[in-house]
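Sharing a structure below in structure tokens format, with a few things to ask.
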Amino acid sequence: IFVFSMHLQSSNQDFPVTGYTFLGQVKEKNKSTTIASFSFVITNASTGTVQVTLSATESAKLIGGKIYEYDIQMSKDGVISTLFKGPLVVVADVTQ
């Protein structure tokens with residue numbers, strides 16, 4: 001499981017996320033099929049705080065040694081904004 005919290009701001013001010021939806025996906029590099037999806041919980045809409053989770057079930061779909069790409073987007077009223085995107089490299093466990 002992989003969990004982190006986003007605190008969205010604009011011009012150093014909290015960015016309220018009331019009415020926004022969030023979406024995040026992981027795909028194998030240069031492929032179009034979604035391998036795993038993030039889930040989102042808005043923990044404080046007025047301060048723009050959102051918990052992002054890649055569950056154990058979703059994480060298990062990723063194979064060590066492969067390079068994936070991910071993005072996290074938010075949308076409201078048909079306007080989609082990409083917040084984060086980039087490579088995601090999965091490393092197999094080193095501790096046995």
Under 4.5 Å between side-chain heavy atoms, counting indirect links through other Ile/Leu/Val/Met/Phe/Trp/Tyr residues: same cluster for V3 and L83 or not?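 No, it is not one cluster - the side chains of V3 and L83 are not joined through contacts under 4.5 Å.
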Nearest 0.5 angstrom please: I80 CD1 to K76 NZ, how far?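 It is 15.0 Å, given to the nearest 0.5 Å.
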For the OG atom of S39 and the CD atom of Q51, what is their distance to the nearest 0.5 Å?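 Spacing of OG (S39) from CD (Q51) equals 8.0 Å.
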So do I72 and K85 actually touch side chain to side chain, heavy atoms under 4.5 Å?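 With C-beta onward as the side chain, the pair stays apart.
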What's the verdict on salt bridge (Lys or Arg N to Asp or Glu O under 4.0 Å) for K66 and E28, showing C-alpha distance, side-chain angles and the deciding distance? CA-CA 8 Å; K66 287 199 171 204; E28 194 172 338; 3.4 Å; yes
For G86, does its backbone N or O pair with a side-chain atom of E69 as donor and acceptor, under 3.5 Å? no
A side-chain contact here means heavy atoms from C-beta on lying under 4.5 Å apart; do L54 and Y70 qualify?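 They are not in contact (no side-chain heavy atoms under 4.5 Å apart), so the answer is no.
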If only side-chain N and O atoms count, and only distance matters, is there a donor-acceptor pair under 3.5 Å linking T49 with T47? yes
What do you reckon, are the aromatic ring centroids of F2 and F4 less than 6.0 Å apart?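 Ring-ring flag for F2/F4: true, centres closer than 6.0 Å.
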Hphob cluster co-occupancy, F38 + F84, side-chain heavy atoms under 4.5 angstrom: yes
Begin with the C-alpha distance, continue with both residues' side-chain angles, and end with the deciding distance and a verdict on side-chain hydrogen bond (donor to acceptor under 3.5 Å, both in side chains) for Q73 and T82. CA-CA 4 Å; Q73 300 177 327; T82 300; 3.2 Å; yes
Validation: residues 10-25 side-chain donor-acceptor distances under 3.5 Å, sequence neighbours left out:
{"residue": "D14", "atom": "OD1", "partner": "H7", "partner atom": "NE2", "Å": "2.7"}
{"residue": "T21", "atom": "OG1", "partner": "S75", "partner atom": "OG", "Å": "2.8"}
{"residue": "Q25", "atom": "OE1", "partner": "T34", "partner atom": "OG1", "Å": "3.3"}

For the hydrophobic clusters of this structure (ILVMFWY residues joined by side-chain heavy atoms under 4.5 Å, transitively), does one cluster hold both L62 and I67?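 L62 and I67: separate clusters.
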Using only atom types and a distance under 3.5 Å, with no angle test, would you say the side chain of Y68 pairs donor to acceptor with the backbone of I63? yes
Please tell me if the side chains of V50 and M74 come closer than 4.5 Å, counting only heavy atoms from C-beta onward.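 No, too far: nothing below the 4.5 Å cut-off.
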Of all the heavy-atom pairs spanning I35 and K27, show the shortest one and how long it is. CG1-CA, 4.2 Å
